[in-house]
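Read through the structure below, which is laid out as structure tokens, and then see the notes.
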Number of protein chains: 2
Amino acid sequence: MEVMQLDDRKKQVLHAIVDDYVSTNEPVGSKALIERHDFRVSSATLRNEMAELERMGYIEKPHTSAGRIPSDRGYREYVDSLMTVDELTPEEQLEIKQNIDESVDEVTDLIKNATQTLSRQTGFVSLAMSPRLRKSFLTQLKILMIEPGKALVVMVLSAGVVKDKVVRIPNFITDEQMFKISSAVEKHLTGKPLDEITLVTVETSVTDTEIPNPLLKQVLYEAYTAIKQADELNIYLDGEHRMLELPDFSSLGRARELLGTLSDSSMVAGYVNEMQGSAEEKGAEDTYMIRIGQEIAIEGLEDCSFITATYNLSDSVSGNIGVIGPKRMEYSKVISQIDFVKKTINENIKRLT
Amino acid sequence: MEVMQLDDRKKQVLHAIVDDYVSTNEPVGSKALIERHDFRVSSATLRNEMAELERMGYIEKPHTSAGRIPSDRGYREYVDSLMTVDELTPEEQLEIKQNIDESVDEVTDLIKNATQTLSRQTGFVSLAMSPRLRKSFLTQLKILMIEPGKALVVMVLSAGVVKDKVVRIPNFITDEQMFKISSAVEKHLTGKPLDEITLVTVETSVTDTEIPNPLLKQVLYEAYTAIKQADELNIYLDGEHRMLELPDFSSLGRARELLGTLSDSSMVAGYVNEMQGSAEEKGAEDTYMIRIGQEIAIEGLEDCSFITATYNLSDSVSGNIGVIGPKRMEYSKVISQIDFVKKTINENIKRLT
DNA sequence: GTTTAGCACTCGAAGTGATAGAGTGCTAAT
DNA sequence: ATTAGCACTCTATCACTTCGAGTGCTAAAC
């Protein structure tokens, strides 16, 4: 595993091996390589090159007398410097557009829709993270009485998103009291970003002395939980069953492990969020995040790759959309698909806001 | 396939065959049967009985030299007249209670929670249908302006359920106008069951002449769609991945087919709803619905059984909760599990309302 | 008339070689 | 540096056998 640049021919060979393995799903040998690509050298030479590539850690053998398959490092090199990403054909673009456009008034539905489309198009599992709203600020907040003991907190956020939550309140609170509380809280919190709102902020927003303090406190606490809940991250996964169609997971054991892992969606959500965080630190906001095989720090996804992109609700509010598929995938194709879906989402969001 | 009552010994034999097959997952032969149960006869006699049971359609052979497995009809007989359903043990009850009780303020979350628990306990796919709200009536309806061109319709229904929907409205509508519309609509619709509210009902609810008619109509139309949407049925499925653990679906083909079918949840929803409808016709409201194998009119679920029970939000508002598992399941156990989960749901709903 | 012992028969599951084929690494010649 | 050639390795596959559980049937026993 030396530290050493790949010369041009090695790059060519690695490129060819990845391409062939992706399309055939069979370890590729020196002879097959010669047949399908015209290298101007013999298979023996290729064998030497391949032996070297293996020593360098880019490819590996399933067993002695088989061809080579790319290692994680091989895929990484391929993704980072070998492949070229093309735009989708107009037909492919149209297909995606048509699948998404029929859509609706709410951003959530739009995203779900897009995620489903993405899964159908790629044949893999797709996922979407809800927008990270912590940077968005409150533009409205109303607490409506529903019945004695029950109220609805409605919040409108700067990104045009509406959230609400039913909360329980003391039975004695009257309509008028609640109206007063609601106005005071709204006045105090409007314009504040969600991540700056704390329980203290909420509690100090009402100075009314008519309402018994313990009751008031309880109402404000509930309002606070509603606000915090609006800030929570949600993940949406789609197309898990498609993984069973892939030869990569045709062994029941692998399939079981994979779907088991994916069934704990909160774990995946946490990981995506972490990835996003570290990407933002590096300032690489608007690009893709690609994790291959072992790079994914989730048990059960060692044979998968993970690609996500970022969609934007507004300047400061964004979410992720992406794909989990087998390592052996057409990276450039999938990336352009995600890219186009992301663009379509962004366009539609503009239409909705 | 004669029409004929089973005599006592045949019932005993069928009972034993189902029990053994369910617990061993292997076709059961005459010898094994003798060993495990003390019939006071020889294996040869059993063989004769089994041959007869086969002629009558209760059991079948996977192939010539194998033991017998129950047919759909055999399971049906077992479920209808052979098995006995016991209560869960206190420990099992406790486990379920603990899993559900940590729960929350909203009915939706309660149901989801219970459904997850049901899947974990049975090891099968579980499902829940949202409450059928068409018989519930509106107790409140408010239309809140969010920003020019956008409003939130909030509905409170008799069963204590809150629904809302963001709608687009003409930009020119002012806050005061909207308030007038909202009050008029609310006044007119309060107390009406959802299924009696039509577009006409909504449109005739406002007689204000200040607002230009086309604008008014558009707002009312949007309000109507919001109400109709509240009425929609939703289904929630959980634990699909658990099916891969079952020996019954260890052939990748079957597993693929099953999960593919389940991924179209609206199809399952439609079927459950249909089942519920026909059960209500027969007046058998408060019992279980059990469908076995081919009885399920959904392609891809031929090897499954389908058991659902009914939970109640109020007298006239109910939903379903249940399980989809392999035909080869411990019916009595699963039924008591569903029963207990259902009871727990009902209790918790009382607490919430 | 029902029950039972006995037996020939069937069929899948599991094990065993044997063979073919793809691929490799190495050596020696170009 | 490249290439031809060859010995070697390993898997996949297929035909073949064996084993055992289970059946249906017949004839005897109760």
By ring pair (Phe, Tyr, Trp, His ring centres under 6.0 Å), A/Y271 pairs with (sequence neighbours left out) A/F306
A side-chain contact here means heavy atoms from C-beta on lying under 4.5 Å apart; do A/L259 and A/F249 qualify? no
What's the angle between the local helix axes at either end of the helix from C/dG1-D/dC30 to C/dT30-D/dA1, using five pairs per end and rounding to 10 degrees? 20°
Taking the side chain as C-beta and beyond, is there a heavy-atom pair between B/K11 and B/L14 under 4.5 Å? no
Whole Å only: how far is the CD atom of A/E60 from the P atom of C/dG23? 17 Å
Partners meeting ring pair (Phe, Tyr, Trp, His ring centres under 6.0 Å) with A/Y331 (sequence neighbours left out): A/Y75
Side chains of B/M243 and B/R254: closer than 4.5 Å at any heavy-atom pair? no
Evaluate the side-chain proximity of B/R9 to B/T45: yes if any heavy-atom separation is below 4.5 Å, no if none is. yes
Quick test: give all pairs of protein nitrogen or oxygen and nucleotides 16-19 of chain C nitrogen or oxygen below 3.5 Å, distance rounded to 0.1 Å.
none

Reading 5' to 3' through nucleotides 18-30 of chain D, protein heavy-atom contacts under 4.0 Å coded B for base, S for sugar-phosphate only, - for none: ---BSBB------
Does the side chain of B/F124 reach to within under 4.5 Å of the side chain of B/V334, using non-hydrogen atoms? yes
The ring pair (Phe, Tyr, Trp, His ring centres under 6.0 Å) partners of B/H15 (sequence neighbours excluded) come to B/Y78
So, do B/N320 and B/M275 sit near enough that their side-chain heavy atoms are less than 4.5 Å apart? no
Taken to the nearest whole Å, NZ/A/K10 to C1'/D/dA1 is 12 Å
Quick one, B/R328 and B/P247 - any side-chain contact, counting heavy atoms below 4.5 Å? yes
Tell me the interatomic distance from A/I34, atom CD1, to C/dA22, atom P, rounded to whole angstroms. 16 Å
Return the value, rounded to whole Å, for the distance between atom CZ of A/F39 and atom P of D/dT3. 13 Å
Set out, in order, the CA-CA distance, both residues' side-chain angles and the distance that settles side chain to side chain contact (heavy atoms under 4.5 Å, CB included) for B/L127 and B/V125, then state yes or no. CA-CA 7 Å; B/L127 65 100; B/V125 173; 5.6 Å; no
A/E49 has an atom CD; how far is it from atom P of D/dT2, in whole Å? 7 Å
